[in-house]
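Since the model is a prediction, treat every value here as computed from it, not as a measurement. Counting from 1, the numbers follow the sequence of the chain as shown.
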Amino acid sequence: MHTTEAFRLDGARALVTGASRGIGRAVALTLADAGADLALSARTEEALKGTAAEVTQRDRAAHRVPGDFAEPAAAGRVVDAAADALGGLDIVVHNAGVLPARPDGTPLLVPLSGSDQGDWDHVVTVNLNATAALCRHAHRHLTASPRAGLVLMSSVAGMMGMPMAEAYAATKAGQVSLARSLAAGWACDGVRVNALYPGWTRTDMTAFAYRTAPVSDWLMAHVPLGRWAEPEEVAWAALYLASPAAGHLTGQALVLDGGVSVPDSGLAGIPKPPSPFAGA
Ligand SMILES: NC(=O)c1ccc[n+]([C@@H]2O[C@H](COP(=O)([O-])OP(=O)(O)OC[C@H]3O[C@@H](n4cnc5c(N)ncnc54)[C@H](OP(=O)(O)O)[C@@H]3O)[C@@H](O)[C@H]2O)c1
């Protein structure tokens with residue numbers, strides 16, 4: 001196979017969740033650029049209008065399969081609706097996820113000791129329980145595909161931990177553990193399962209941080225590459241994991257974090273401004 005062909009997905013049928021914006025939108029457009037037809041999911045059909053239009057501009061099919069993963073039966077319905085619309089599934093990129101949030105949608109970053117069980121349960125329901133349900137339902141569709149790939153969007157918080165967002169970090173660690181277990185179990189069915197560990201990426205989820213200069217400057221001082229990732233950079237890694245180029249890769253979590261998970265112990269000399277969270 002020619003190198004460029006190894007990154008093509010011509011004719012593949014792909015479900016992308018969390019496709020209305022941010023990383024999921026970029027993944028959907030990148031897979032469409034590579035030749036895949038798409039089923040796009042978010043909580044509402046309306047929220048998916050923009051991404052669907054951008055996919056169809058690329059001459060690829062875009063089916064909207066909404067579902068709210070806070071509701072236990074939604075993941076199964078989304079998977080089956082996507083498979084019905086596309087006539088099967090070859091690729092699933094499960095990207096939808098949440099930080100704990102206040103009722104107005106702004107992130108609720110508080111230590112575990114200051115949060116309540118309801119905050120924990122919501123994040124676990126959306127990020128981890130829905131991931132398990134989605135994988136369970138996707139299995140029968142993916143086993144029918146000759147080029148099946150499942151990619152779970154974790155976070156480097158799952159590897160490193162994240163004070164003030166313990167539930168989020170725990171669910172993201174759980175997704176990688178699930179990916180590794182499924183990879184071993186599903187290899188004999190010809191289904192590859194991998195995960196991505198993105199670091200700080202410029203999306204609505206992180207707008208609270210990148211739009212506030214002292215917070216953004218301080219966070220970026222802890223990223224050796226010194227900048228935010230753009231959603232497309234995460235999407236290109238998702239394309240790699242879903243493509244024939246990664247045909248012998250399963251059970252792995254690819255770290256894409258600008259080096260944030262590499263402990264420099266101060267030896268690299270990267271200057272650190274005072275913490276905007278000091279005394280918070
Ligand atoms: N941004 C980062 O720095 C970063 C870093 C590491 C990992 N990640 C992970 O990357 C993924 C995407 O993050 P993002 O930054 O692109 O987030 P985002 O901009 O907030 O987008 C989140 C996406 O998930 C969907 N979603 C949220 N709650 C949902 C629910 N209950 N049911 C169904 N869909 C739901 C949203 O759809 P609606 O339009 O319906 O809200 C939206 O499409 C997440 O899993 C996140 O944990 C992000």
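- Distance check: D121 CG to D119 CG gives 9.0 Å after rounding to the nearest 0.5 Å.
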| message | Between L152 and V176, is the side-chain contact (heavy atoms from CB on, under 4.5 Å) condition met? List the steps. | response | CA-CA 8 Å; L152 300 183; V176 172; over 6 Å; no

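- Under a 3.5 Å cut-off, the side chain of R64 and the backbone N or O of E45 do form a donor-acceptor pair.
- The shortest distance between side-chain heavy atoms of N194 and L254 does not fall below 4.5 Å.
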| message | For a side-chain contact (heavy atoms from CB on, under 4.5 Å) check, start with the C-alpha distance between T201 and T206, then their side-chain angles and the critical distance, and finish with the verdict. | response | CA-CA 7 Å; T201 306; T206 52; 5.7 Å; no

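- Of all heavy-atom pairs between P231 and T203, the closest is CG-CG2, 4.0 Å.
- No single ILVMFWY cluster, assembled from side-chain heavy atoms under 4.5 Å apart, contains both L31 and L89.
- Between L109 and P163, the closest side-chain pair of non-hydrogen atoms is not below 4.5 Å.
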| said: Is there a side-chain contact (heavy atoms from CB on, under 4.5 Å) between H137 and R77? Walk through the geometry before answering. | reply: CA-CA 9 Å; H137 282 83; R77 278 204 310 270; over 6 Å; no

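- In plain terms, the two heavy atoms of P66 and T44 that are nearest each other are CB-C, 3.7 Å.
- No side-chain N or O of H222 forms a donor-acceptor pair with one of D264 less than 3.5 Å apart.
- When all heavy atoms of A246 and Y240 are compared, the closest pair comes out as CB-O, 3.2 Å.
- In this structure, T171 and S154 have side chains that are not in contact, with every pair of non-hydrogen atoms separated by 4.5 Å or more.
- Taken together through direct or relayed side-chain contacts under 4.5 Å among Ile, Leu, Val, Met, Phe, Trp and Tyr, V215 and V156 form part of one hydrophobic cluster.
- Closest heavy-atom contact between A39 and A82: CB-CB, 3.5 Å.
- Ring orientation note: the planes of H139 and W186 are tilted relative to one another, at an angle of 30° to 60°.
- Atoms OH and CE, on Y210 and M220 in that order, are 11.5 Å from each other to the nearest 0.5 Å.
- With rounding to the nearest 0.5 Å, the separation of CZ in R202 from CZ in R211 is 10.0 Å.
- Taking CD of Q117 as the start and NE2 of H122 as the end, the distance is 14.0 Å to the nearest 0.5 Å.
- Atom CZ of R8 has more than 12 neighbouring heavy atoms from other residues, nucleotides or ligands inside a 6.0 Å radius.
- Contact check for T143 versus V191: side-chain heavy atoms found under the 4.5 Å cut-off.
- When atom types are taken as modelled, the side chain of D90 and the backbone of S145 share no donor-acceptor pair closer than 3.5 angstrom.
- Expressed to the nearest 0.5 Å, how far CZ of R192 lies from CD of Q252 amounts to 11.5 Å.
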| task | Would you please test C135 and V193 for side-chain contact (heavy atoms from CB on, under 4.5 Å) and show each step? | result | CA-CA 10 Å; C135 293; V193 186; over 6 Å; no

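- No chain of hydrophobic side-chain contacts below 4.5 Å, direct or via other Ile, Leu, Val, Met, Phe, Trp or Tyr residues, connects L239 to L150.
- Residues M153 and V234 meet the side-chain proximity criterion, which asks for heavy atoms closer than 4.5 Å.
- A distance of 10.5 Å separates OH of Y197 from CG of D257, quoted to the nearest 0.5 Å.
- Residues H141 and R13 are not in side-chain contact: their nearest non-hydrogen atoms beyond the backbone lie 4.5 Å or more apart.
- Side-chain atoms of R180 come within 3.5 Å of backbone atoms of G251 as a donor-acceptor pair (strictly under, hydrogens ignored).
- Taking all atoms of both residues into account, the shortest heavy-atom contact from L29 to R58 is O-NE, 3.7 Å.
- S216 places no side-chain N or O within donor-acceptor distance of the main-chain N or O of T212, the cut-off being under 3.5 Å.
- For T17 (side chain) and A96 (main-chain N/O), a donor-acceptor pair under 3.5 Å exists by modelled atom type.
- The shortest distance between side-chain heavy atoms of L112 and W120 falls below 4.5 Å.
- Side-chain atoms of L142 and D189, non-hydrogen and from C-beta on, never get closer than 4.5 Å to each other.
- Linking Ile, Leu, Val, Met, Phe, Trp and Tyr residues whenever their side-chain heavy atoms come within less than 4.5 Å places V223 and M162 in a single cluster.
- Across V16 and A28, no two heavy atoms sit closer than the pair CG2-CA, 4.2 Å.
- With hydrophobic clusters built from ILVMFWY side chains whose heavy atoms lie under 4.5 angstrom apart, F7 shares a cluster with V93.
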